[in-house]
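Step one of this worksheet: look at the structure below.
Computed from a predicted structure; not experimentally measured. Proteins get letters first, then strands, A, B, ... in listed order; numbering begins at 1 in each.
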Amino acid sequence: MKKLKENEIIEKVLKVNKFKSLNPVQKEAIKMGILDGESLVVSSPTSSGKTLLAEIAGLKTFKNRKKMVYLCPLVALAREKYDDFKEKYEKFGLKIALSVGNYDSADPWLSKYDWIICSNEKFDSLIRHEANWISEIGLIVADEIHLINDESRGPTLEILLTILKRILPKAQILALSATIKNAEDIGNWLRAKVLKSDFRPVPLFYGIFSKNKIKMFGREDYFLREDLAPEEAIVENTILMKKQLIFFLSTRRNAEALAERLSKLVYHFLDEKEIKELEKISKEIERALPVPTEQCKRLANCVKGGTAFYHSGLLISQREKIEKAYKKGLIKVITSTPALAFGINLPNFRAVVRDVKRYIPGFGSVFLPVLEVQQMFGRSGRPQYDKWGEGILIAKSKQDESDLEEFYIKGEIEEISSKISNFSSLRMHSLSLISNRFSKTKIELINFLKGTFFGSKHEDFSLIEDEIERIIFLLEKWNFIKTKEVKENGGVIDKKLAPTILGKRVSQLYIDPLSANLLIEGLKNFKVANDFTILTLLAKTTELKPSPNLSAKDLIFVEEMIFKNEENFPFSIPDQFDEDYEEFLREAKMALIFLNWMEEKSEGEIFDNFKMTPGELHSRLEISDWLFYSILEIGKILNFEKELMKKIRKMRMRLYYGVKEELLNLVKLRGIGRIRARILFDSGFKNIKKLKKAKVEEIAKVLKSKALAEKIKKQIE
DNA sequence: GCAAGAATTCTTTAGACAGCATGTC
DNA sequence: CTAAAGAATTCTTGC
């Protein structure tokens, strides 16, 4: 009877996925007891069908009237899974929800759903908000769990899983990972069985380019034209095979330069229809902003020639267009920074890692880990189109060739390790653990940390204990927690830890306690401060790091600005010869960029003057908005003066919309942003009242849209 | 005397999660 | 403490 039910689930999953049978990895997982609630760590290549395991276990969990939480490292990935699951399983009565960042924060509504797809951070924040439905979880799927290895975002995932393990000891855990060396360690930590496999539905072959050939491992070599540069030769070879490829490069500039160079070559391989379609897309990409920036123009030009560069400085809309055009086969070559390696699902035939080194400040340029190069190769070989996929490295010399082979092809993948001992992440998570009452004393806190992956690997905890000591001291000094010594027989044996209301709120607001303190302390002197200096204060927070780079040209502007406002900084500014002076200049530059935005400088002007990219500015603005919101929330608790709250509220609005104060009223209207508000204002419609008096036709004339004018009128009434 | 091309020096360097309440050009 | 590509600048060379 039980077997029958299990088969039913498997049949169902296979059918909706249009598969005939389970692949070896999946069969093994069944054998290991995934349907019996057995926890598993699955370490296998991208596209080895790991998601399907989550679906099988998820259906079983549904049958048991429990919830599945599916944790993703990226919002884009979460959204993709959500769409996919919804399409496949909603018809069976499953309720599937997506809960990520700026989508919806209401927790209670999630209790009605069976499958909940989250980003790691979102779920962490849901725990901080003490969502009550968490107890109904029967299955936790953690996708791309090797993220634990990541310096900045790994600790969140690690702590999150440690918490879940503790509050849901009976829940099944399914940890999905790329191929890693020490999957057993993870299994050991999570008390889960380990399934290791290198199965791929489409085989992947490695190759090394040198001189005029690509030496392939396990396939016949390719011989290329000798009179072309390596990149060109590889591109020609690929296009002649009627395939596409992605280059991975170390910097944005390299990616842009190569795309531009290659577009001249690729253009000759395009047929008329493709040229026409690409021209259309090129125009769309160029028009992504009202005034195209230099970068937009360059990208548009590349696209015309059948190539595109891809990195985080692009606008989301541009990225999507490139992804779509690549999937359609219109764009033949994408040159990318590592942005594409992790996350976005862009299947292709051949991936070429040209730069196997990356610059790390303080370390110079270092070799990429094998794990990362594998990630870049990971999506090569599309099941529907290709019989195999290729991952290629470029050697610069004979020596280089054998080094690359030794290290990346024959070499072993690295172990992953915990990054939790990093002071700043420990600081943030300690406050959260204390706030949630998971750790009511210092010993409890340390014991909790012993339950992390770090703890499972390290016997010696003295380093962490020292750090915790310092963190407790700081958190108390900043008034985020209260402590009380526990004495026995006259000696101190432990320390009670309790959050203050402020500390609890800071933890919920998901900001670094250091930043929160910085803002609180700085704003005590708000009376001397002005817009620029408050923005500089904001730019000092960890959330807005790294600060933009300074060019010689910036230096003049920024120093002049600092000099003019010397008396108005709400914090003490470093001396010119101090070691942190340069960082201060960069923070001031960030503030100056924000100020320009608030002063209604055009985006193009800002990008050109400060060498900012559209993608960067938008993400910084979003973060600033969140910081301003946090200030207001903290202000409610600390009873900030009315004047200050008003000032912050105004600044928040102005920065959000990018407008001067006089437009704040207009911009509140739906359909009106900074550009249209300015047009209305300059045409005499200086406020809502004036708009009320005006006729629809008059407004329509100014905005060049009748529909819009009517929409506005409707809102006013 | 001048300009193209070579050599040298200078400059710069990947990514993207979170709160909250609704919509840009 | 480590590199390397591209841009900017200076130097060389050929006429």
Side-chain angles (χ1 to χ4, degrees), chain A residues 72-78 100-106 118-126 128-129 147 150-157 248-258 260-261 287-291 310-313 315-317 336-344 354-368 372 396 428 432 505-512 543 546 549-552 603 611 615-616 618-620 622-623 625-630 632-633 652 656-658 667-677 679 703-705 708 711 715:
Chain A
C72 294
L74 256 72
V75 170
L77 234 53
V100 291
N102 51 6
Y103 187 70
D104 201 339
S105 87
C118 271
S119 59
N120 298 328
E121 283 76 4
K122 178 66 187 191
F123 198 64
D124 186 31
S125 115
L126 286 173
R128 293 183 190 205
H129 287 275
L147 181 80
D150 185 278
E151 201 67 56
S152 73
R153 293 183 52 210
T156 307
L157 177 58
F248 286 101
L249 300 108
S250 59
T251 66
R252 293 177 179 185
R253 199 160 64 185
N254 289 350
E256 292 184 14
L258 185 61
E260 286 182 309
R261 220 178 82 197
R287 285 189 196 139
L289 290 170
V291 186
Y310 187 106
H311 56 65
S312 72
L315 290 163
I316 306 284
S317 66
S336 169
T337 56
L340 250 177
F342 187 59
I344 295 94
R354 194 193 75 179
D355 304 342
V356 288
K357 287 185 169 180
R358 176 175 50 222
Y359 177 84
I360 297 180
F363 287 93
S365 123
V366 290
F367 280 100
L368 291 176
E372 271 183 51
K396 278 154 189 121
M428 189 146 171
S432 149
R505 192 75 189 111
V506 168
S507 160
Q508 285 180 349
L509 289 166
Y510 222 90
I511 53 176
D512 188 340
E543 284 75 8
N549 280 324
L550 274 181
S551 70
E603 284 170 271
K611 277 201 182 168
E616 264 170 342
H618 285 275
S619 77
R620 298 304 171 89
E622 215 169 278
I623 295 169
D625 190 55
W626 161 34
L627 288 171
F628 272 131
Y629 172 80
S630 301
L632 291 169
E633 289 299 302
R652 179 182 180 203
Y656 184 78
Y657 289 106
V667 107
K668 277 181 192 150
L669 292 165
R670 260 173 295 151
I672 303 296
R674 68 195 304 241
I675 308 287
R676 287 171 179 166
I679 295 171
L703 291 175
K704 299 190 178 93
S705 159
L708 192 61
K711 205 169 131 192
Q715 282 182 65

Measure CG/L703(A) against P/dT24(B) and give the value in whole Å, please.
13 Å
Within the 4.0 Å heavy-atom criterion, would you say G671(A) contacts the bases, only the backbone, or no part of the nucleic acid?
sugar-phosphate
Please determine if a side-chain N or O atom of K122(A) lies less than 4.0 Å away from the OP1 or OP2 oxygen of dC17(B).
no
Ignoring the backbone of S312(A), work out which of dC17(B), dG15(B), dG6(C) is nearest its side chain.
dG15(B)
Select one nucleotide: of dG19(B), dC25(B), dA14(B), the one nearest the side-chain heavy atoms of P338(A).
dA14(B)
Please classify the nucleic acid contact of R652(A) as base, sugar-phosphate, or nothing, using heavy-atom distances under 4.0 Å.
base
Donor-acceptor check, side chain of D150(A) to backbone of S152(A), threshold 3.5 angstrom: yes or no?
yes
Is there a donor N/O on one and an acceptor N/O on the other, under 3.5 Å, for the side chain of R252(A) and the base of dA14(B)?
no
Donor-acceptor pair, side chain of R358(A) and main chain of P338(A), under 3.5 angstrom:
no
Is S630(A) touching bases, backbone alone, or none of the nucleic acid, heavy atoms closer than 4.0 Å?
nothing
May I have the distance from R354(A) (atom CZ) to dA4(C) (atom P), rounded to whole angstrom?
12 Å
Within the 4.0 Å heavy-atom criterion, would you say V366(A) contacts the bases, only the backbone, or no part of the nucleic acid?
nothing
R676(A) side-chain N/O to G671(A) backbone N/O, donor-acceptor pair under 3.5 Å
yes
Choosing from dC25(B), dT2(C), dG19(B), which nucleotide comes nearest the side chain of I675(A)?
dC25(B)
Any-strand Watson-Crick or G-U partner of dT22(B), both distances under 3.5 Å:
none
R354(A) side chain near L258(A) side chain, heavy-atom distance below 4.5 Å
yes
To the nearest Å, how far apart are L632(A) CG and dC20(B) P?
13 Å
Give a yes or no answer on whether the side chain of R652(A) reaches the backbone of F628(A) with a donor-acceptor pair at less than 3.5 Å.
no
Using a 4.0 Å heavy-atom cut-off across all strands, classify R287(A) as base, sugar-phosphate, or nothing.
nothing
Tell me: CG of L550(A) to P of dT12(B), nearest whole Å?
9 Å
Which part of the nucleic acid does S619(A) contact within heavy-atom distance under 4.0 Å: base, sugar-phosphate only, or nothing?
nothing
How is L669(A) classified with respect to the nucleic acid when contacts are heavy atoms under 4.0 Å: base, sugar-phosphate, or nothing?
sugar-phosphate
What contact category does L289(A) fall into here, base, sugar-phosphate, or nothing, at under 4.0 angstrom with non-hydrogen atoms?
nothing
To check you understand the geometry: which heavy-atom pair defines the closest contact between R505(A) and Y629(A), and what is its length?
NH2-OH, 3.9 Å
Please check the phosphate of dG23(B) (OP1 and OP2 only) for any side-chain N or O of R670(A) closer than 4.0 Å.
yes
Using atom CG of L315(A) as one end and atom P of dG15(B) as the other, report the distance to the nearest whole Å.
14 Å
From C-beta outward on S119(A), which listed nucleotide comes closest to its side chain: dC20(B), dT11(B), dA18(B)?
dA18(B)
Which is more 5' along DNA chain B, the nucleotide nearest I360(A) or the one nearest A76(A)? Just name the residue.
I360(A)
Take atom NE2 of H618(A) and atom P of dG23(B), then tell me their distance rounded to the nearest Å.
19 Å
Ignoring hydrogens and geometry beyond distance, is a side-chain donor-acceptor pair present between S312(A) and R252(A) at under 3.5 Å?
yes
Under 4.0 Å, heavy atoms only, any strand: does S152(A) hit a base, just the sugar-phosphate, or nothing?
nothing
Among the nucleotides dA18(B), dA3(C), dA14(B), whichever has the atom closest to the side chain of Y359(A) is dA3(C)
Where the side chain of S551(A) is concerned, which of dC17(B), dT12(B), dA16(B) is the nearest nucleotide?
dT12(B)
Presence of S125(A) side-chain N/O under 4.0 Å of dG19(B) phosphate oxygens OP1/OP2
yes
Given DNA chain B, 5'-ward residue of the pair K611(A) and P73(A), judged by closest heavy atom
K611(A)
Less than 4.0 angstrom between a side-chain N/O of T337(A) and OP1 or OP2 of dA14(B), yes or no?
no
Regarding D150(A), tell me which of base, sugar-phosphate or nothing describes its non-hydrogen contacts under 4.0 Å with the strands shown.
base
Look at R676(A) and dC25(B) and indicate whether a side-chain polar atom (N or O) is within less than 4.0 Å of OP1 or OP2.
yes
Students often get this wrong, so: under 4.0 angstrom with heavy atoms, is D625(A) touching a base, only sugar-phosphate, or nothing?
base
The Watson-Crick or G-U wobble partner of dG1(B), with both key distances under 3.5 Å, is dC15(C)
Report yes if at least one side-chain N or O of K711(A) is closer than 4.0 Å to OP1 or OP2 of dG23(B); otherwise report no.
no
Residue Y629(A), side-chain heavy atoms: nucleotide from dG15(B), dC20(B), dA18(B) that is nearest
dC20(B)
Does Q715(A) reach the main-chain N or O of R670(A) with its side chain, forming a donor-acceptor pair under 3.5 Å?
yes
Paired with dA8(C): which nucleotide, if any, by Watson-Crick or G-U wobble criteria at under 3.5 Å for both distances?
dT8(B)
Integer-rounded Å distance: dA3(C) C1' and F363(A) CZ:
15 Å
What distance, rounded to whole Å, do you find between the two C1' atoms, one in dA4(C) and one in dA14(B)?
16 Å
With respect to the side chain of N254(A), which nucleotide from dA3(C), dG6(C), dC20(B) is positioned closest?
dG6(C)
Please give, in whole Å, the distance from dA4(C) P to L249(A) CG?
15 Å
